[in-house]
Asker: 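Submitted below is the structure of interest, expressed as structure tokens.
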Number of protein chains: 2
Amino acid sequence: MSIDRRSHTPVYRQLANLIREGIYAGQYVAGAPLPSEVTLSQEYGVGRDAVRQALALLRSEGLVSTERGERSRVRVPPERVSVELPPGGRAVARMPADPERVERDMDEGVPVIEVHHPDGTTEVHPGDKTELIRPA
Amino acid sequence: MSIDRRSHTPVYRQLANLIREGIYAGQYVAGAPLPSEVTLSQEYGVGRDAVRQALALLRSEGLVSTERGERSRVRVPPERVSVELPPGGRAVARMPADPERVERDMDEGVPVIEVHHPDGTTEVHPGDKTELIRPA
DNA sequence: CCGTATTTGTGCGTATGTATT
DNA sequence: TAATACATACGCACAAATACG
């Protein structure tokens with residue numbers, strides 16, 4: 001499997017697919033750093049811009065995280081804490097605005113869960129560390 | 001309010017904040033197109049690249065949607081359909097992978113809600129059109 | 001129906017800044 | 001200190017899709 005220049009699918013999306021499959025297949029281990037952007041661009045024969053777009057796409061999916069000066073890492077799914085949806089309660093999922101995401105110290109590509117109680121109060125939980133439950 | 005070059009906050013993030021506030025304030029109407037990328041770059045005195053990064057950020061938040069050849073539009077929040085979280089059921093929220101998102105015909109910046117039933121089956125719902133409920 | 005203009009998408013190049021190693 | 005690596009920012013060119021006369 002490699003990059004097809006004649007495909008209508010953009011190079012960066014093809015590359016993202018390849019890396020994503022590599023993550024699913026265990027070729028890229030959770031918690032371990034990916035090759036550097038320059039290395040990836042050489043290995044796959046694409047421009048660095050395509051690599052950066054691919055990584056940005058994977059970040060927006062919550063699959064990898066990137067910090068300045070370090071190579072991107074495969075994200076390790078954190079433990080989930082169970083939160084009960086109360087009787088008469090409602091819950092929705094949405095993406096946080098950037099300032100809110102930074103404020104809550106959340107990674108990119110992670111949604112928030114809003115739990116609305118019957119009394120009108122609302123709780124916001126990070127989507128990657130939360131599991132909504134309803135007791136049997 | 002405008003772009004501060006001396007700020008440590010990147011230009012594209014400042015611009016995203018300005019546009020986001022403009023959306024919240026009603027300056028940019030839901031469903032209506034934003035100014036074109038070139039127009040925005042001229043109005044705010046920044047490069048087109050900064051504009052595109054700002055719009056990409058807003059897309060990842062589900063605030064705007066962009067289609068080729070058209071100006072970006074302020075997303076209109078769709079109606080939500082209520083889905084009951086069954087007794088003994090669990091639910092999590094996550095971002096769909098790009099192919100999955102395309103397959104489900106979902107906009108960028110929209111999470112999915114996975115409802116796991118006690119019998120082991122799973123339903124996947126689009127996060128922008130779904131509201132999880134538990135009857136009182 | 002057909003060109004033309006507009007607009008976004010992609011790709012590449014260059015330079016500089018900032019953080020880590 | 002130096003090297004490496006990612007982040008930001010600007011520019012240009014062309015492709016592809018849409019909108020419009």
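Every chain is numbered from 1, with letters handed out A, B, ... down the list of sequences.
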Asker: Test of understanding: with salt bridge (charged side-chain N to carboxylate O under 4.0 Å, His left out), list the residues that count as partners of R75(B), not counting sequence neighbours.
Answerer: D107(B), D128(B)
Asker: To the nearest 10°, give me the bend of the helix from dC2(C)-dG21(D) to dT21(C)-dA2(D), comparing the axes of its five terminal pairs at either end.
Answerer: 10°
Asker: What distance do H116(B) atom NE2 and T122(B) atom OG1 have between them, rounded to the nearest 0.5 Å?
Answerer: 4.5 Å
Asker: Could you work out, with side chain to side chain donor-acceptor pair (under 3.5 Å) as the rule, every residue matching S72(B), not counting sequence neighbours?
Answerer: T66(B)
Asker: Got a sec: does the CD of E43(A) have more than 12 other heavy atoms crowding it under 6.0 Å?
Answerer: yes
Asker: Listed in order of residue number, which residues of residues 98-108 of chain B have a non-hydrogen atom at under 4.0 Å from DNA chain D?
Answerer: none
Asker: Could you pull out every donor-acceptor pair under 3.5 Å between side chains of residues 50-57 of chain A and any protein atom, sequence neighbours left out?
Answerer:
from: R52(A); atom 1: NH1; to: E37(A); atom 2: OE1; distance (Å): 3.4
from: R52(A); atom 1: NH1; to: E37(A); atom 2: OE2; distance (Å): 3.0
from: Q53(A); atom 1: NE2; to: D49(A); atom 2: OD2; distance (Å): 3.3

Asker: If we ignore angles and hydrogens, is there a donor and acceptor under 3.5 Å between the side chains of T9(B) and Q14(B)?
Answerer: no
Asker: Rounded to the Å, how far apart are R52(A) CZ and dA9(D) C1'?
Answerer: 11 Å
Asker: Once salt bridge (Lys or Arg N to Asp or Glu O under 4.0 Å) is applied, what residue pairs with a partner in residues 76-85 of chain A remain, sequence neighbours excluded?
Answerer: E84(A)-R134(B)
Asker: Could you list where the contact with chain B starts and ends along DNA chain C, reading 5' to 3', using a 4.0 Å heavy-atom cut-off?
Answerer: dT7(C) to dT10(C)
Asker: Within the distance-only criterion (no hydrogens, no angle test), does the side chain of R101(B) pair as donor or acceptor with the backbone N or O of M106(B) below 3.5 angstrom?
Answerer: yes
Asker: Mind listing the residues from residues 30-38 of chain B sitting with a heavy atom below 4.0 Å of DNA chain C? Number order is fine.
Answerer: S36(B), E37(B)
Asker: Can you list every pair that meets salt bridge (Lys or Arg N to Asp or Glu O under 4.0 Å) and has a residue in residues 17-28 of chain A, with sequence neighbours left out?
Answerer: R20(A)-E61(A)
Asker: Between Y12(B) (OH) and dA7(D) (C1'), how many Å, whole number?
Answerer: 8 Å
Asker: Taking the nucleotide of DNA chain C with the nearest heavy atom to each, does T66(B) or G45(A) sit closer to the 5' end?
Answerer: T66(B)
Asker: Scan residues 110-120 of chain A for pairs that pass salt bridge (Lys or Arg N to Asp or Glu O under 4.0 Å), counting only residues two or more places apart or in two chains.
Answerer: R94(A)-E114(A)
Asker: When every nucleotide of nucleotides 11-21 of chain D is labelled 5' to 3' by its protein contacts under 4.0 Å (heavy atoms), B for base, S for sugar-phosphate only, - for none, what sequence of letters results?
Answerer: --B-BBBSS--
Asker: Applying a strict under-4.5 Å side-chain criterion to I, L, V, M, F, W and Y, I'd like to know whether L85(B) and V124(B) cluster together.
Answerer: no
Asker: Looking at L63(B), L34(B), V29(B), which hits side-chain contact (heavy atoms from CB on, under 4.5 Å) with V74(B)?
Answerer: L34(B)
Asker: Going by the rule side chain to side chain donor-acceptor pair (under 3.5 Å), which residues pair with E123(A) if we only count those two or more places apart in sequence or in a different chain?
Answerer: H117(A), H125(A)
Asker: Could you give the distance from OG (S60(B)) to CE (M95(A)), rounded to the nearest 0.5 Å?
Answerer: 6.0 Å
Asker: Can you get from Y28(B) to L58(B) by hopping between Ile, Leu, Val, Met, Phe, Trp and Tyr side chains that sit under 4.5 Å apart?
Answerer: yes
